[in-house]
2 protein chains.
Amino acid sequence: MANNSGTRTAVPAVARASAILDLVALAQQPLGSNEIARSLSLPKSSTANICLELLETGMLVRRDGGYSLGRKLVELGGHYLSSVDALREYYDMCASLPIVSRESSRIAILDGTDVLYLGKYEGRQQIRLTANIGDRFPAICTATGKALLALLPPGEVEDRYRAKPGAFVKLTEKSLTSISALSKDLALTRERGYAVDDEEATPGVTCFGHAVAGFRGDTSAVAVSATVLTQRLTPEFRQALLNDLRTLARGLANPLASR
Amino acid sequence: MANNSGTRTAVPAVARASAILDLVALAQQPLGSNEIARSLSLPKSSTANICLELLETGMLVRRDGGYSLGRKLVELGGHYLSSVDALREYYDMCASLPIVSRESSRIAILDGTDVLYLGKYEGRQQIRLTANIGDRFPAICTATGKALLALLPPGEVEDRYRAKPGAFVKLTEKSLTSISALSKDLALTRERGYAVDDEEATPGVTCFGHAVAGFRGDTSAVAVSATVLTQRLTPEFRQALLNDLRTLARGLANPLASR
DNA sequence: GTATGGCGTCCAACGGGTTGGACAGGTGAT
DNA sequence: ATCACCTGTCCAACCCGTTGGACGCCATAC
């Protein structure tokens with residue numbers, strides 16, 4: 001019964017600041033400090049103080065008489081992205097691959113039962129990817145997510161999803177809704193070497209995902225994906241797309257394996 | 001003699017946390033908590049505590065026995081970008097404009113004497129833009145920066161640069177190096193309606209910038225730019241590019257003016 | 001006009017995080 | 001082997017941020 005979230009001496013200000021940022025991030029409008037305090041069940045005074053401090057750091061800004069996220073967060077987020085070695089490589093390769101360069105592609109990492117998008121490449125297709133950089137999405141509904149889940153050691157997937165029953169979000173009729181269905185899909189993913197999202201996130205849209213393992217530290221694995229309209233998926237096109245995707249994934253793996 | 005950085009009751013933990021994040025962001029390698037404390041002249045113990053707290057929020061992660069920036073920052077940065085109304089419009093328009101869609105383009109805001117890049121669009125050209133989303137750059141060396149500076153009320157530019165003598169970074173032989181040269185350039189910018197970076201940031205590279213005013217709150221104005229190799233700049237090409245850039249800027253302005 | 005409820009700011013007493021130093025573990029040099 | 005120096009962790013006394021409520025302000029309601 002380990003207290004896994006136990007810090008010896010708590011520093012409430014930091015945890016509170018983070019909670020405030022999360023709240024403001026999800027809000028559609030600027031939030032006042034009183035409103036923030038009420039939402040988070042924090043004392044008014046301290047909340048106001050922390051907000052003022054966040055204002056000075058640039059993480060928050062005043063807007064329409066409330067607080068919104070500040071530009072400092074873009075800077076920090078950008079620095080995080082710069083630290084992900086695979087990203088630059090990803091953008092370069094996307095532009096040079098014959099098929100992928102004309103389609104829509106994404107690169108993501110796994111965080112719990114979500115994928116977190118670190119980058120996207122939009123070719124000249126009709127599809128506009130709705131997910132932006134920094135967005136989260138249920139891993140089971142996406143090709144990148146399933147490719148990354150398939151990398152986890154046996155049992156780990158089951159543990160994560162058993163601990164979080166709400167993780168099975170049914171976005172379409174075809175979305176996976178049980179651990180057993182997921183395990184089966186992941187076994188298939190491991191077998192063929194890539195993941196398929198067969199209209200499980202958006203009707204009419206198919207997505208192929210390929211994981212790239214072997215990174216260091218936080219970003220231990222990334223995954224890349226290509227998104228196309230299902231109706232365009234002739235066998236030849238599917239094969240060409242998968243070829244490009246494999247090339248992309250291998251290209252990302254190689255410069256890092258050599259370190 | 002107002003104390004412009006004066007908070008009534010200071011919340012050291014937040015300010016310190018921000019300083020820690022900035023330090024870690026600029027470091028090329030993971031930093032230990034002791035090293036951070038030394039660099040920032042903070043007590044070891046408190047620094048360690050704050051780092052542990054930042055670890056729990058996901059803003060920091062452990063990597064190679066030290067701290068690096070965490071993925072939470074991408075999420076927050078992404079939410080900030082989502083709050084900038086012009087961004088989605090920008091990406092859509094870039095892809096549909098005949099000339100710009102084949103060139104390299106950027107969108108940025110002004111922050112003091114720097115521009116902060118919020119997005120970029122890379123066409124099929126040889127040029128790869130070195131600046132990433134979230135990067136800063138001296139405003140005087142860039143087309144976006146000069147376009148935004150030209151929007152400021154009279155005297156404001158002079159005040160900003162007089163207060164910050166180090167802001168005149170000489171990146172190339174052609175970079176502006178004095179307030180008077182800058183004022184003259186900005187007058188010219190206002191007159192013709194767009195800004196030009198004539199190899200002032202990178203030799204051999206010319207950049208045109210167009211400001212878009214009229215936003216609310218934090219992002220009161222954005223600027224878009226197009227970057228090309230100087231040697232390709234025939235008069236016809238230059239004109240076509242400027243046409244596209246103007247269309248782009250107007251497209252960004254209109255959906256917001258109607259609010 | 002007053003009443004009500006929203007907002008953020010201010011204040012003094014309380015309480016808890018901060019602090020410096022001691023400690024244990026690991027690494028590299030001599 | 002010892003020494004030196006690094007790392008991060010632990011602890012109790014002290015100090016300073018936190019806290020709840022009072023206050024002033026501005027809307028809107030009646």
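To find a chain, count down the sequence lines: A is the first, B the second, and so on, and within it residues start at 1.
Residue B/Asn49 contributes atom CG, which lies 12 Å from atom C1' of D/dC11 at whole-angstrom precision. Atom-to-atom, CD of A/Glu53 to C1' of D/dG17 comes out at 11 Å; the value is rounded to the nearest Å. Going from atom CG of A/Leu42 over to atom C1' of D/dG20 covers 14 Å, rounded to whole Å. Rounded to whole angstrom, the span from the CD1 atom of A/Ile36 across to the C1' atom of C/dG6 amounts to 15 Å. Atom-to-atom, CG of B/Leu60 to P of D/dG8 comes out at 13 Å; the value is rounded to the nearest Å. When rounded to the nearest whole Å, the span between NZ of A/Lys44 and C1' of C/dC11 equals 13 Å.
When distances run from any side-chain atom of A/Val11 to the nucleotides D/dC10, C/dT18, D/dG21, the shortest one goes to C/dT18. Nearest to the side-chain atoms of B/Leu52 among the listed nucleotides D/dC10, D/dT9, C/dT9 stands D/dT9. Checking C/dA22, D/dG20, C/dT18 against every side-chain atom of B/Ala13, the shortest atom distance belongs to C/dT18.
In the displayed structure, A/Glu156 atom CD is contacted under 6.0 Å by more than 12 heavy atoms of other residues, nucleotides or ligands.
Contact check for B/Leu69 versus A/Ser83: no side-chain heavy atoms found under the 4.5 Å cut-off. Residues A/Arg16 and A/Leu40 form no side-chain contact, since every pair of their non-hydrogen atoms from C-beta on lies 4.5 Å or further apart.
Geometrically, A/Arg62 engages A/Tyr67 in a cation-pi contact, judged by NZ or CZ lying under 6.0 Å from the ring centre and within 45° of the ring axis.
At C/dC7, one or more side-chain N or O atoms of A/Arg38 fall inside 4.0 Å of OP1 or OP2 (strictly under the cut-off).
Toward the 5′ end of DNA chain C lies the nearest nucleotide of A/Tyr67, the other residue of the pair A/Pro12 and A/Tyr67 mapping further downstream.
Of the residues in residues 18-35 of chain B, those lying under 4.0 Å from DNA chain D by heavy-atom distance are B/Gly32, B/Ser33, B/Asn34.
Remark: of the listed residues A/Leu116, A/Val222, A/Leu152, A/Leu151, A/Leu152 is the sole one forming a side-chain contact (heavy atoms from CB on, under 4.5 Å) with A/Leu110.
In this structure, B/Leu148 CG and B/Asp114 CG are separated by 12.0 Å, a value rounded to the nearest 0.5 Å.
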